[in-house]
Amino acid sequence: TEFTYNSLFYGICRRKDPNGASDLLREMCTNGHRPWIKNCTEMVQQLCFSGRITEALGFLEEMLKMGFLPDIVTYSAAMNGLCKTGEVDNALGLFRDISAKSYLPDVVAHNILINGFRLSGKLNEAQEIMEEMLEKGLFPSVVTYNLMIDVWCKSGNIEKAVDCLNKMVDEEKSPTVVTYTSLIDGLCGAGRPDEAIVLWHKMSDKSCAPNKIAYTAFVNGLCKCGRVETALTYYEEMMTKGFVLDTFSCLYFINALISNGNTTKGCELLKEVLQRDMTQGDDLKMVGLINKAVEVLSKDGRTSPEISILVEKGLISRAQTMGKKDGN
DNA sequence: CTAGGGTTAG
């Protein structure tokens with residue numbers, strides 16, 4: 001029956017086997033059975049995630065040849081795959097292509113393109129897609145607004161981003177933690193930490209709980225604005241809530257503390273970070289941040305004994321404490 | 001077995 005075939009089809013799609021899937025589709029076609037499109041979508045998505053976009057697109061072509069039409073959801077998954085590998089122009093091509101074939105891309109399909117352009121830094125194009133969406137009479141979703149807030153912040157248009165938040169409230173589209181995080185990050189990036197702080201508390205007032213990403217963005221952003229001691233209070237709040245700063249952000253924060261003269265706290269946090277499982281510790285950027293912190297801390301009388309202990313324990317290489325230069 | 005696709009930091 002159609003169900004039997006679709007069960008097999010499900011299994012083949014889960015194996016990410018586009019050739020096997022095509023073969024089975026051919027058989028279903030001759031027997032007059034309809035494939036369950038959801039399985040195609042999931043395979044396309046999985047193939048894209050593993051970098052096999054060409055195979056995913058080839059499979060969609062095969063489907064078409066057999067007269068099975070992928071729908072907008074399946075095409076959206078393919079467009080997203082293209083965007084995530086930087087092929088946003090090809091994603092746009094596919095979008096135009098299916099639109100010409102009388103598909104009607106919905107809000108999500110537009111969001112995928114907006115995000116694609118956003119990720120590749122083509123901020124004007126991102127805005128154009130949003131305008132196109134409005135012209136088509138589609139209503140932006142919370143995700144659309146969240147994406148556009150980031151686009152406007154990154155193109156130096158903070159006011160538009162702030163307006164966007166107000167518009168969301170007017171339209172009764174509740175801002176989410178993502179909305180607030182993007183805007184807080186944008187405000188800090190624009191050197192407006194006080195407004196970021198106000199917004200942070202507004203977020204809590206709206207009973208929107210910050211998550212790990214929100215805290216990370218806020219702590220990083222405050223440091224970027226030189227508000228390191230303020231960042232420290234939110235860092236501590238973050239810890240009491242059980243959120244952990246990832247290693248990279250923590251090293252960035254440690255260096256900010258040190259530059260700001262708080263070597264004691266910087267050293268304390270460095271010690272904690274070094275005791276973490278540093279399996280990806282060969283990341284050059286992270287090594288650079290560790291070296292930079294160690295260089296200052298080993299010259300500071302209050303922290304140098306602690307650094308010596310860390311060296312003895314083998315958590316820091318001796319080269320890092322000797323003014324490095326030849327380190328790596 | 002009629003849904004499945006989209007967003008935040010560094």
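Every chain is numbered from 1, with letters handed out A, B, ... down the list of sequences. We use all heavy atoms of the structure for the numbers below, so side chains are in, but hydrogens, waters and symmetry mates are not.
- Taking atom CD1 of A:I114 as the reference point, atom P of B:dG5 lies 19 Å away to the nearest angstrom.
- When heavy atoms are screened at a 4.0 angstrom cut-off, A:F3 is found touching base atoms of the nucleic acid.
- Side-chain atoms of A:K38 lie closest to B:dG4 of the nucleotides B:dG4, B:dG5, B:dG10.
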TODO: Could you give me the CA-CA distance, side-chain angles and deciding distance for A:W36 and A:E2, then say whether side chain to side chain donor-acceptor pair (under 3.5 Å) is met?
DONE: CA-CA 9 Å; A:W36 201 26; A:E2 190 156 299; over 6 Å; no
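- The nucleotide whose nearest atom lies closest to any side-chain atom of A:S249 is, among B:dT7, B:dG4, B:dG10, B:dG10.
- Between A:Y10 atom OH and B:dA3 atom C1' the separation is 12 Å, expressed in whole Å.
- A donor-acceptor pair under 3.5 Å is absent between the side-chain atoms of A:N6 and the main chain of A:F9, judged by distance alone.
- The A:D71 side chain lies nearest to B:dG4 when the options are B:dG4, B:dA9, B:dT7.
- Closest to the side chain of A:W36, from the set B:dC1, B:dA9, B:dG4, is B:dC1.
- Residue contacts for A:S141: at a heavy-atom cut-off of 4.0 Å it reaches a base atom on one of the strands shown.
- Rounding to whole angstrom units, CG of residue A:L113 and C1' of B:dG5 are separated by 12 Å.
- A donor-acceptor contact closer than 3.5 angstrom links the side chains of A:K241 and A:Y215.
- Here the side chains of A:L245 and A:L269 are not in contact, with every heavy-atom distance at 4.5 Å or above.
- A sub-4.0 Å separation between OP1 or OP2 of B:dT8 and a side-chain N or O of A:R118 is present.
- Under 3.5 Å, the side chains of A:T4 and A:T1 contain a donor-acceptor pair of N or O atoms.
- Looking at heavy-atom distances under 4.0 Å, A:V44 makes no contact with the nucleic acid at all.
- Nucleic acid contact class of A:I72 (heavy atoms, under 4.0 Å, all strands): base.
- With A:Y234 as the fixed residue, the ring-ring contact (aromatic ring centres under 6.0 Å, His included) test singles out one of A:F243, A:F218, A:F253: A:F218.
- When rounded to the nearest whole Å, the span between CE of A:M43 and C1' of B:dA3 equals 17 Å.
- Protein atom CD1 of A:I213 is 6 Å distant from nucleotide atom C1' of B:dT8, rounded to whole Å.
- Between A:K84 and B:dT7 there is a side-chain polar atom (N or O) within less than 4.0 angstrom of OP1 or OP2.
- Between the side chain of A:N39 and the base of B:dG4, no donor-acceptor pair under 3.5 Å is found.
- Within 3.5 Å, no donor on the side chain of A:S182 pairs with an acceptor on the base of B:dT8, nor the reverse.
- Nucleic acid contact class of A:A78 (heavy atoms, under 4.0 Å, all strands): none.
- Taking side-chain N and O atoms only, A:K154 has no distance below 4.0 Å to OP1 or OP2 of B:dT8.
- Distance A:L147 CG to B:dT7 P: 7 Å, rounded to the nearest Å.
- Put simply, CG on A:D246 is 8 Å from C1' on B:dA9, counting in whole angstrom units.
- Within the 4.0 angstrom heavy-atom criterion, no nucleotide atom of any strand lies near A:V219.
- Atom CE in A:M168 sits roughly 12 Å away from atom C1' in B:dT8 (whole-Å rounding).
- The listed nucleotides are B:dT7, B:dA9, B:dG5; the one nearest the side chain of A:V178 is B:dT7.
- Within the 4.0 angstrom heavy-atom criterion, only backbone atoms of the sugar-phosphate kind lie near A:N115; the bases stay farther away.
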